Protein chains: 2
Amino acid sequence: MPDQLSQAEENYLKAIYKISRQSGTPVSNNSISVEMNTSAASVTDMINRLSQKDLIHYQKRKGVRLTDLGEITAIHLVRKHRLWETFLVEKLNFTWDEVHELAEQLEHIQSRELINRLDEFLDFPKYDPHGDPIPDENGRITERQQVLLSQLPVGQKAVVVGVKDHSTPFLQYLERTGLLLGAELVIGERFAYDNSLQLEVADEQKLLISQKVGQNLYVQKK
Amino acid sequence: MPDQLSQAEENYLKAIYKISRQSGTPVSNNSISVEMNTSAASVTDMINRLSQKDLIHYQKRKGVRLTDLGEITAIHLVRKHRLWETFLVEKLNFTWDEVHELAEQLEHIQSRELINRLDEFLDFPKYDPHGDPIPDENGRITERQQVLLSQLPVGQKAVVVGVKDHSTPFLQYLERTGLLLGAELVIGERFAYDNSLQLEVADEQKLLISQKVGQNLYVQKK
DNA sequence: TTGTTTTTTTAGATGCGTCTAAATTAATGC
DNA sequence: GCATTAATTTAGACGCATCTAAAAAAACAA
Ligand SMILES: [Mn+2]
Ligand SMILES: [Mn+2]
Ligand SMILES: [Mn+2]
Ligand SMILES: [Mn+2]
């Protein structure tokens, strides 16, 4: 276990973890500065601190990779973030578009015991309010096999299981149209003109969604 | 509303509030440094920052008093601290001697909405696990009329409602002897030799407590 | 009242986390 | 291959929150 990390250090670790999840390759200094909204100079500084603490491997100008310690630490932060989000929605009746910023604060609370008790209190949820998997106490994540809605062929039945875009406007759009987690649908038609999709949802209702929406919804085939 | 305060600023405000609750008089620089376990020089620095932000009145070498803004801010922190402690005990099954340090972290989470929803979730508790009153959303505190157990005359019936000493050893002592919040008792005898007290507790059981214990338990006469 | 002790302030330093501006190095395009 | 562009590092700065050591002021005591 590392000694206590500062919130800044934790946020950098999370950013590096997030970027490397997407790319696989070593993470560039630049991509971190974009993700974190800080100057490249600040990133260089922090990179040195995190290397010092053996949380990342860094070869000058070659990019950053998390060490095992760094990765488990990052995963733990993700666990905390998603459990808190679940708590806020399930117990305090926040909506799924209100919880992210709060979880950004709560994820920095330091207590293994607290988070495990919270997990138990929530009855060991597997997914957070956005459909993202919640790592277990040992950092294990059970990825769901899922695809983007936009990748389904016409006629395919599917169920909504998650969102790629977590932004408030998108979540509120889904709220309005009823395309929430658990919603069942069939791909009715695909319009080549603008790649929009005609969906058949509950009660024979038809719903037209843009390409952008289809590219930000995760579904599971049925 | 002040703009966001740092955790350090919040902790100083709480300390000043706590000291002034006890003394009434302006708070000395020195008492703050003792309470916070920091150097007097650090206190001088912070005092200047807090004055700048109109959270305290400070006249050089005359001591510190909270402004209305400072006081309401401090009370709000106390509210958050006590609500979180209540949550940890009531919902996550922590014991009353385990929650203080966690609440020290949680009280700095910034969200009015969160704390009000937590309050509601807990069913608007009036007292925290240590018997301390929880200020309401507007900062109002309903003080209970209570006395120290040591001040009761022989023969007096009373019920335990709070602790003055919040230390783990004391709380664990109470746990062991069953002298918990809600416990009913009668003062049986007072020994002049060492000011210890013979109590009659549930089921005709007798319990001998030291002067120190009697001076750290709040009770309500019955 | 005058010396001693305590409190408070000042001076100067440090680490963290951030910035801008400039220099350096690497990558890209032609 | 060379020029331009992009990424990275260096240099120097700043605010916050802390410290120690020393000076100054106030309080206390004899
Ligand atoms: Mn989130
Ligand atoms: Mn989420
Ligand atoms: Mn407490
Ligand atoms: Mn308490």
Side-chain angles (χ1 to χ4, degrees), chain A residues 2-16 19-20 22-23 25-66 70 73-74 77 104-105 107-108 110, chain B residues 2-16 19-20 22-23 25-66 70 73-74 77 104-105 107-108 110:
Chain A
D3 29 83
Q4 306 264 100
L5 302 180
S6 70
Q7 296 201 184
E9 289 168 329
E10 291 191 337
N11 286 335
Y12 273 92
L13 277 186
K14 267 208 317 172
I16 295 165
I19 299 165
S20 63
Q22 282 156 17
S23 69
T25 61
V27 174
S28 74
N29 199 312
N30 192 248
S31 63
I32 298 170
S33 83
V34 170
E35 171 71 24
M36 302 268 315
N37 232 298
T38 53
S39 70
S42 297
V43 175
T44 300
D45 263 20
M46 182 56 90
I47 286 314
N48 290 327
R49 278 200 286 278
L50 294 177
S51 295
Q52 201 60 39
K53 298 192 178 188
D54 276 318
L55 292 160
I56 59 176
H57 283 304
Y58 185 54
Q59 306 170 53
K60 256 196 178 186
R61 300 188 162 85
K62 282 290 175 60
V64 165
R65 283 189 319 111
L66 292 172
T73 305
L77 285 163
E104 287 291 312
Q105 292 185 62
E107 72 191 5
H108 299 294
Q110 314 259 204
Chain B
D3 29 82
Q4 306 264 97
L5 301 180
S6 70
Q7 297 201 184
E9 288 168 330
E10 291 192 337
N11 287 334
Y12 273 93
L13 277 186
K14 268 208 316 171
I16 294 164
I19 299 165
S20 63
Q22 282 156 16
S23 69
T25 61
V27 174
S28 74
N29 198 311
N30 192 248
S31 63
I32 298 171
S33 83
V34 170
E35 170 70 26
M36 303 266 317
N37 233 295
T38 53
S39 70
S42 298
V43 175
T44 299
D45 262 21
M46 182 57 89
I47 286 312
N48 290 328
R49 279 198 286 277
L50 294 177
S51 295
Q52 201 62 39
K53 299 192 178 190
D54 276 318
L55 293 160
I56 58 176
H57 283 305
Y58 185 53
Q59 306 169 53
K60 255 195 177 188
R61 299 190 164 84
K62 282 289 175 59
V64 165
R65 282 188 321 110
L66 292 172
T73 305
L77 285 163
E104 287 291 313
Q105 291 185 63
E107 72 191 5
H108 299 293
Q110 313 260 210

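Being a predicted model, the structure only gives us computed values, none of them experimental. Chain naming here is simple, since letters A, B, ... match the order of the sequence lines and numbering starts at 1 in each.
An OP1 or OP2 oxygen of dA17(D) is reached within less than 4.0 angstrom by a side-chain nitrogen or oxygen of S6(B). Here T44(B) reaches the OP1 or OP2 of dT9(C): one of its side-chain N or O atoms lies under 4.0 Å away. Listed pair Y12(B) / dC16(D) fails the phosphate criterion, with no side-chain N or O lying under 4.0 Å from OP1 or OP2. Side-chain nitrogen and oxygen atoms of S39(B) include none within less than 4.0 Å of the OP1 or OP2 phosphate oxygen of dT20(D). Put simply, S42(B) has a side-chain N or O that comes within less than 4.0 Å of OP1 or OP2 on dC19(D).
The distance between atom CE of M36(B) and atom P of dT8(C), rounded to the nearest whole Å, is 15 Å. Atom P of nucleotide dA17(D) and atom CG of L5(B) are separated by 10 Å, given to the nearest angstrom. Across the protein-nucleic acid pair, R49(B) atom CZ and dG15(D) atom P stand 12 Å apart, rounded to whole Å. At whole-Å resolution of the value, CG in D45(A) and P in dG15(C) are 13 Å apart. Between the C1' atom of dT10(C) and the CD1 atom of I47(B) lies a distance of 16 Å, rounded to the nearest Å. Rounded to whole Å, the distance from CG on L50(A) to C1' on dG17(C) is 12 Å. In this structure, the CE atom of M46(A) is 17 Å from the C1' atom of dT8(D), given to the nearest Å. The nearest whole Å value for the distance from the CG atom in N29(A) to the P atom in dA26(C) is 14 Å.
Nearest to the side chain of A40(B), among dT18(C), dT9(C), dA17(D), sits dT9(C). With dA17(D), dA7(D), dA11(C) as the candidates, the nucleotide lying closest to the side chain of N30(A) is dA7(D). Taking every side-chain heavy atom of S28(A) into account, dT8(D) is the closest of dT8(D), dT9(C), dC19(D).
At distances below 3.5 Å, at least one donor-acceptor pair connects side-chain atoms of E9(B) with backbone N or O atoms of S6(B). Between the S51(B) side chain and the I47(B) main chain, a donor and an acceptor come within less than 3.5 Å of each other. N37(B) places no side-chain N or O within donor-acceptor distance of the main-chain N or O of S33(B), the cut-off being under 3.5 Å. Put simply, the side chain of S42(B) never gets that close to the backbone of T38(B): no donor and acceptor are under 3.5 Å apart.
Note on S33(B): nothing from the nucleic acid sits closer than 4.0 angstrom, heavy atoms only.
Here E104(A) pairs with K14(A) in a salt bridge; the nearest charged N to carboxylate O distance falls below 4.0 Å.
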